[in-house]
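When reading the values below, keep in mind they use all heavy atoms of this one structure, side chains included, and skip hydrogens, waters and symmetry mates.
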Amino acid sequence: MFKILLVCALAALVAANENPEVKELVNEVQADGFVSKLVLDNGSAASATGDVHGNIDGVFEWVSPEGEHVRVSYKADENGYQPQSDLLPTPPPIPEAILKAIAYIQAHPSKE
């Protein structure tokens, strides 16, 4: 699954730019995991490392059409895919009334 995601991310990076040149390409598979890295001359890049347990750490980045540097780092493990970026949406804050209700429930547990 991850390899498909990585290939799609790399394909999107290449498709977004007409003729980028590859500055660095690394694809190493060892018995204990893998290392993959792609760096293009237009500022786009992707890299990932993985281990025998299926845990993967990686990052991909590019320059948007607006000229903004976009960077997404991620971890994929037993807890799923966990991306991190300043550009990813975040949930709204929990309303104060809900926080108070949770605190009350924790302070007054059920007697069952």
Side-chain angles (χ1 to χ4, degrees):
M1 175 66 181
F2 168 74
K3 289 184 181 180
I4 294 172
L5 178 64
L6 181 61
V7 169
C8 290
L10 295 176
L13 290 173
V14 172
N17 301 286
E18 293 183 17
N19 295 312
E21 289 188 32
V22 175
K23 291 174 62 176
E24 184 177 1
L25 178 61
V26 176
N27 285 308
E28 297 176 6
V29 178
Q30 299 105 16
D32 60 347
F34 73 91
V35 174
S36 178
K37 184 174 184 180
L38 173 67
V39 178
L40 302 178
D41 66 351
N42 62 3
S44 298
S47 64
T49 59
D51 65 24
V52 296
H53 304 291
N55 300 314
I56 300 168
D57 289 293
V59 64
F60 51 95
E61 55 192 304
W62 68 94
V63 178
S64 75
E66 297 79 25
E68 184 175 4
H69 181 252
V70 178
R71 178 180 170 91
V72 179
S73 62
Y74 61 90
K75 177 181 234 27
D77 58 17
E78 68 274 0
N79 296 313
Y81 177 69
Q82 304 153 55
Q84 294 183 342
S85 174
D86 292 339
L87 299 176
L88 293 175
T90 58
I94 300 172
E96 187 64 32
I98 300 298
L99 292 173
K100 286 181 181 179
I102 291 170
Y104 178 85
I105 291 168
Q106 289 174 338
H108 302 89
S110 175
K111 295 182 184 190
E112 292 179 13

Check step by step if side-chain contact (heavy atoms from CB on, under 4.5 Å) holds for L38 and V22.
-> CA-CA 7 Å; L38 173 67; V22 175; 3.9 Å; yes
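- Scored by the side chain to side chain contact (heavy atoms under 4.5 Å, CB included) test, D86 finds no partners at all (sequence neighbours excluded).
- A 6.0 Å sphere centred on CD of E21 holds no more than 12 heavy atoms belonging to other residues, nucleotides or ligands.
- The hydrophobic cluster around V26 extends to V35, counting ILVMFWY residues whose side-chain heavy atoms fall within less than 4.5 Å of a member.
- Closest approach of P20 and N42 over heavy atoms only: CB-ND2, 3.6 Å.
- Summarising the geometry of V72 relative to Y81, their closest heavy-atom pair is CG1-OH, 4.5 Å, with the distance given to 0.1 Å.
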Full working for side-chain contact (heavy atoms from CB on, under 4.5 Å) between K75 and N55 = CA-CA 7 Å; K75 177 181 234 27; N55 300 314; over 6 Å; no
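- Checking side-chain atoms of S85 against main-chain N and O of R71 turns up a donor-acceptor pair under 3.5 Å.
- A search for ring pair (Phe, Tyr, Trp, His ring centres under 6.0 Å) contacts involving H108 returns Y104, not counting sequence neighbours.
- V70 and V39 fall into different hydrophobic clusters, where Ile, Leu, Val, Met, Phe, Trp and Tyr side chains are chained together by heavy-atom contacts under 4.5 Å.
- Qualifying side-chain hydrogen bond (donor to acceptor under 3.5 Å, both in side chains) partners for S64, counting only residues two or more places apart in sequence or in other chains: E66.
- Other residues sharing a hydrophobic cluster with I94 under the 4.5 Å side-chain heavy-atom criterion for ILVMFWY residues are I98, L99, I102.
- The number of heavy-atom neighbours closer than 6.0 Å to CD of Q82, taken from other residues, nucleotides and ligands shown, is above 12.
- Both L87 and Y74 are assigned to one and the same hydrophobic cluster, defined by single-linkage of ILVMFWY side chains at heavy-atom distances under 4.5 Å.
- Under a 4.5 Å side-chain heavy-atom cut-off, the cluster of Ile, Leu, Val, Met, Phe, Trp and Tyr residues that includes I105 has no other member.
- Here the closest heavy-atom approach between residue I56 and residue A48 is recorded as CG2-CB, 4.2 Å.
- Pairing each heavy atom of S44 with each of W62, the nearest pair is OG-CB, 3.6 Å.
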